[in-house]
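All values below were derived from every heavy atom in this structure, side-chain atoms included, with hydrogens, water molecules and symmetry-related copies excluded. Every value quoted in this text rests on a predicted model; they were computed, and no experiment measured them. When a residue number appears, it is its place in the shown sequence, counting from 1.
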Amino acid sequence: MSDIHWKASYLTGHPFIDRQHQGLFQLLGELELALQQARGDEVLWELLAALGRQVHEHFRCEERLMREQNYPLFGEHKQHHDEILREGVRLLHDCRTGAVRLGEGLPPYLQKWAHQHVVEDDARLADFLRKCSRQ
């Protein structure tokens with residue numbers, strides 16, 4: 001999971017979004033450490049629950065900002081949120097049933113999320129919000 005550590009290139013320039021992202025990446029780092037140390041399923045599930053709560057809150061906040069500013073890509077961005085959540089639920093189900101080992105299925109999913117959502121979707125949103133604040 002080493003590719004999902006916080007990087008300066010993830011900064012969107014929107015302080016609120018960036019703070020939330022940094023909090024998410026902090027939890028991802030804790031999850032990575034727990035996986036490396038084979039801390040046990042109970043610890044992993046607690047971290048995943050905390051991550052899930054933060055992701056839901058982050059998406060809720062972004063969607064509120066998008067609605068308030070009439071973001072033209074709201075539908076597409078919300079669809080990506082929904083896809084990320086569906087994939088996460090499916091992956092966690094597979095982990096719970098033993099179809100996928102927790103430490104094996106999470107890294108690719110989280111790397112994809114970090115790249116697509118933070119680097120692409122949220123960067124576009126933050127750029128739009130900055131332009132709105134200048135008007």
When rounded to the nearest 0.5 angstrom, what is the spacing between CZ in R96 and CG in L91? 10.5 Å
Is it true that R60 and E57 have a side-chain N and a carboxylate O under 4.0 angstrom from each other? yes
When rounded to the nearest 0.5 angstrom, what is the spacing between CG in L24 and CH2 in W6? 9.5 Å
Show the nearest heavy-atom pair for residues V43 and A34, with the distance to one decimal. CG1-CB, 4.2 Å
Smallest heavy-atom separation, L47 atom then L31 atom, equals CD1-CA, 3.8 Å
Taking C-beta and beyond as the side chain, do H56 and L85 meet within less than 4.5 Å on heavy atoms? yes
Any side-chain heavy atom of R39 within less than 4.5 Å of one from L44? no
Is E68 salt-bridged to R64, cutoff N-O under 4.0 Å? yes
side-chain contact (heavy atoms from CB on, under 4.5 Å) with D122: of Q20, H21, H80, only one passes, and it is H21
With under 30° as parallel and over 60° as perpendicular, where do the rings of Y71 and H77 fit, or are they tilted in between? perpendicular
Please answer: with hydrophobic residues joined when any side-chain heavy atoms are less than 4.5 Å apart, are L28 and I17 in the same cluster? no
Return the CD to CG distance between E32 and L35, rounded to the nearest 0.5 Å. 8.0 Å
Side chain proximity check, H14 to L65, heavy atoms < 4.5 angstrom: yes
F25 and V118: which non-hydrogen atoms are nearest, and at how many Å? CE1-CG2, 4.1 Å
Between K78 and D82, is there a salt bridge with N-O shorter than 4.0 Å? yes
If hydrophobic clusters are built from ILVMFWY residues whose side chains come within less than 4.5 Å, do V89 and L51 share one? no
Considering all heavy atoms of both residues, which atom of E63 and which atom of F74 are nearest to each other, and what is their separation? O-CE1, 3.8 Å
Salt bridge (Lys or Arg N to Asp or Glu O under 4.0 Å) involving D127 - partner list, sequence neighbours excluded: R130, K131
According to salt bridge (Lys or Arg N to Asp or Glu O under 4.0 Å), who are the partners of E76, at least two apart in sequence or on a separate chain? R124
Group every Ile, Leu, Val, Met, Phe, Trp and Tyr by side-chain heavy-atom contacts under 4.5 Å, then state whether F59 and F16 land in the same group. no
Candidate pair L125 and T12, rule side-chain contact (heavy atoms from CB on, under 4.5 Å), full reasoning: CA-CA 9 Å; L125 171 60; T12 65; over 6 Å; no
Is there a donor-acceptor contact under 3.5 Å linking the side chains of Q54 and H58? no
Are the side chains of M66 and F128 in touch, meaning some heavy atoms are under 4.5 Å apart? no
